[in-house]
Structure formats: C-alpha cells, structure tokens
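Let me begin by presenting the structure, written as structure tokens, before commenting on it.
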Amino acid sequence: NAKLVGTLQVKEVVHNGRVSLQLQSHVQTRFIIDFTIKTVEEAHYENNVLVASVARRTLNGNAKMDQTLLLQANGYQVNNEGKKEAVAIYPIRQTILSLYLYEPLHYTQVFSNAHQRMLTVQAVAPHHYKVRFPDGAYNEFFYRNGVCQKILIHNSLYKAVLQLKN
C-alpha cells in the first residue's frame with residue numbers, strides 16, 4: 001500500500017573546510033489516532049571528525065528527543081534533555097546521517113545519535129547495506145553511483161520506504 005505520508009530532506013553543506021549534514025522530516029499518518037512526527041538531525045565535522053551533532057524529534061508537538069553531542073577537550077559529551085554524560089568513543093568519523101547521502105565504501109560503523117553508540121554497517125549485496133538498531137529494528141540502504149536511492153525502514157510497528165525524488 002504505497003501512500004505518501006511525509007517528506008524527508010537531507011543536505012550537505014561545505015564551508016571553509018567544515019562539513020555539515022542536515023536532515024529534516026515531517027510525517028503525518030494515522031494509526032488509530034493521528035500522528036505528526038517532526039525530526040531534525042545535524043552532524044558537523046571539522047577535519048573529518050565529528051565536532052557536534054543534534055537530534056530532535058517531536059510527536060504531535062511534544063518533545064520526544066532533544067539531544068546534542070559536543071566534542072570537548074577530553075572526548076564527547078552528550079546533553080540529553082539537560083542530563084550530561086560522557087560518550088567513550090573518539091573519534092567519530094561517520095554518523096548514520098552519512099548513509100542518507102553516500103555509499104559506505106570505506107567504513108563499517110556509524111554513530112547513532114539516537115542510541116549514543118556505534119552501529120555496524122553490514123554489506124548485504126553490492127550497493128545494499130543494513131544497519132540494525134539495539135531495539136531490533138533495522139534500515140536497509142540502496143545506492144546507485146555512490147548515492148543513496150532508497151531506504152527501507154523495518155520497525156516492529158511499521159515498515160516504510162524512503163525513495164529519492166528525482
């Protein structure tokens with residue numbers, strides 16, 4: 001049942017040697033009741049190392065996630081809705097946002113802001129990769145000429161397809 005329920009925009013901005021990846025999504029659907037989900041994620045890199053990231057999600061206008069990750073002198077610190085914790089990973093070179101744009105030809109792990117950990121990028125077939133999340137959900141990424149064309153989202157409650165718009 002192919003029904004358009006939302007939009008997702010991902011872009012890369014390069015300025016003065018810094019790279020920023022930005023994602024915005026807006027989904028409206030009905031599952032017994034109406035749902036409106038808005039997501040904003042950002043990843044900012046300097047010298048190919050993540051220096052800051054943001055993950056925000058609202059459900060029907062109520063905050064469900066509000067996290068920032070900042071590179072400090074002694075490693076990364078996450079601020080999750082006011083609660084600050086150290087993240088014992090350094091350096092972070094790729095986040096899951098990277099997969100929304102480019103084929104992971106030279107790396108096998110990405111950092112998930114939502115889960116605050118590295119996730120394995122599994123090659124399934126040529127130009128087809130899978131990332132499994134701690135809750136058992138997973139996404140499949142498909143590429144042509146190094147560019148992401150389609151993402152299949154597998155969740156316990158739903159399945160969705162994100163398709164590159166030409």
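Residue numbers start at 1 and run along the sequence shown.
Inter-residue side-chain proximity for Tyr45 and Arg93 is flagged as unmet; no heavy-atom pair is nearer than 4.5 Å. Counting heavy atoms from C-beta outward, Asn155 and Phe133 have side chains that stay 4.5 Å or more apart. The shortest distance between side-chain heavy atoms of Thr58 and Arg56 does not fall below 4.5 Å. Here the side chains of Asn79 and Leu70 are not in contact, with every heavy-atom distance at 4.5 Å or above. In this structure the side chain of Ile37 reaches within 4.5 angstrom of the side chain of Arg57, judged on heavy atoms. By the 4.5 Å heavy-atom criterion applied to side chains, Tyr100 and Asn139 are counted as neighbours. Taking 4.5 Å as the limit, some side-chain heavy atom of Pro104 sits within range of a side-chain heavy atom of Leu99. Side-chain contact check for Arg144 versus His127: every heavy-atom pair is 4.5 Å or farther apart.
Ring orientation note: the planes of Tyr129 and Tyr143 are nearly perpendicular, at an angle over 60° on the 30°/60° scale.
The line from CG of Leu23 to CG of Leu8 is 4.5 Å long, rounded to the nearest 0.5 Å. Atom-to-atom distance recorded for Thr68:OG1 and Tyr76:OH is 13.5 Å, nearest 0.5 angstrom. Within the model, atoms OG1 of Thr39 and NZ of Lys64 stand 12.5 Å from one another, a figure rounded to the nearest 0.5 Å. Distance check: Glu41 CD to Thr95 OG1 gives 7.5 Å after rounding to the nearest 0.5 Å. Distance OH/Tyr138 to CD1/Ile153: 12.0 Å, rounded to 0.5 Å. Here Phe142 contributes atom CZ and Cys148 contributes atom SG; the two are 9.5 Å apart, rounded to the nearest 0.5 Å.
Cluster membership check: Leu71 does not share its hydrophobic cluster with Val54, using side-chain heavy-atom separations under 4.5 Å among Ile, Leu, Val, Met, Phe, Trp and Tyr. Side-chain heavy atoms closer than 4.5 Å link hydrophobic residues (I, L, V, M, F, W, Y) into clusters, and following such links, possibly through other members, connects Leu21 to Ile151. Clustering ILVMFWY residues whenever any of their side-chain heavy atoms sit less than 4.5 angstrom apart, transitively, puts Tyr90 in the very cluster that holds Leu69. Hydrophobic clustering (side-chain heavy atoms under 4.5 Å, transitive across Ile, Leu, Val, Met, Phe, Trp, Tyr) keeps Val13 apart from Val51. Residues Phe141 and Val124 do not share a hydrophobic cluster, clusters being chains of Ile/Leu/Val/Met/Phe/Trp/Tyr side chains in contact below 4.5 Å.
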Trace of the side-chain contact (heavy atoms from CB on, under 4.5 Å) decision for His26 with Thr36: CA-CA 7 Å; His26 182 264; Thr36 300; 3.7 Å; yes

Test side-chain contact (heavy atoms from CB on, under 4.5 Å) applied to Glu12 and Val19, step by step: CA-CA 7 Å; Glu12 177 183 56; Val19 176; 3.7 Å; yes

Glu85 and Gln116: CA distance, side-chain angles, deciding distance, side-chain contact (heavy atoms from CB on, under 4.5 Å) verdict: CA-CA 10 Å; Glu85 295 178 29; Gln116 296 299 308; over 6 Å; no

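Across all their heavy atoms, Ala114 and Met65 have their closest contact at CB-CE, 3.7 Å. Taking every heavy atom of both residues into account, Gln77 and Gln72 meet most closely at CB-CG, 3.9 Å. Residues Gln163 and Gln149 share a closest heavy-atom pair of NE2-O, 3.3 Å. Arg18 and Glu46 get closest at one heavy-atom pair: NE-OE2, 3.0 Å. Closest non-hydrogen pair, Leu97 versus Ala43, comes out as CD1-N, 3.8 Å. Of all heavy-atom pairs between Ile89 and Arg117, the closest is CD1-CA, 4.2 Å.
Applying side chain to side chain donor-acceptor pair (under 3.5 Å) to Glu140 and the options Lys130, His128, Lys150 leaves one that passes, His128.
Other residues, nucleotides and ligands contribute at most 12 non-hydrogen atoms within 6.0 Å of the CG atom of Asn145. No more than 12 heavy atoms of other residues, nucleotides or ligands sit less than 6.0 Å from atom CD of Gln24. More than 12 heavy-atom neighbours from other residues, nucleotides or ligands sit within 6.0 angstrom of CZ on Arg132. Under a cut-off of 6.0 angstrom, the local environment of CG in Asn48 is sparse, with at most 12 non-hydrogen atoms contributed by other residues, nucleotides or ligands. Residue-environment remark: CD (Gln9) stays at or below the threshold of 12 foreign heavy atoms within 6.0 Å.
Asp135 places a side-chain N or O within donor-acceptor distance of the main-chain N or O of Ala137, the cut-off being under 3.5 Å.
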